[in-house]
Amino acid sequence: MTFAGFDGQPVKAWVTRPAGSQGDALPAVVEYIGYGGGRGFAHERLAWAAAGFVHLVMDSRGQGSTWGSGAHTPDEAGSGPAAPGVMTRGVEDPERYYYAGS
C-alpha cells in the first residue's frame, strides 16, 4: 500500500489479510515502525494475519533500516548530513529539515 504523506511524499506499507478472507469485516492491527527501523519484508509480517487480523505495517520515511531487514520508504525530499540517525538531517535549512514534515 502507498499513500501520500508530508508534502505528498509516498509512504509505503504492507497490508496482510488472513488467507481466504474476501472483503470480510475483520479486526485490524496498525503497526507503525519507529525511529530507525524499516517495515521489513511481507513474508516476515504474517503472524497477525495468521491470527485472523488484517495487519497494516508502515515505516517512517527516510529512516532506512538501522535495525530490521530492510524494505524502507526513502525520503524524497533528499537526505543530507545527519549524525547519528536523522534528528539533524536538513537542520541547516528550515524548508528541508527532516522533522518539519513529521
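All of these numbers come straight from a predicted model, not from anything done at the bench.
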Hey, what else clusters with W48 if you join Ile, Leu, Val, Met, Phe, Trp, Tyr whenever side-chain heavy atoms sit under 4.5 Å? V29, F53

Work out which heavy atom in T16 is nearest to a heavy atom in R45; give both atom names and the distance. OG1-O, 3.6 Å

4.5 Å side-chain heavy-atom contact, V57 and H55: yes

If I take atom NE2 from residue H43 and atom CH2 from residue W14, how far apart are they, to the nearest 0.5 angstrom? 10.0 Å

Quick one: are M1 and L56 in side-chain contact, heavy atoms under 4.5 Å? yes

Side-chain heavy-atom pair M58, V30 within 4.5 angstrom cut-off: yes

Among residues at least two apart in sequence or on other chains, which ones pass side-chain contact (heavy atoms from CB on, under 4.5 Å) with L26? R17, P18, S21, D24, V54

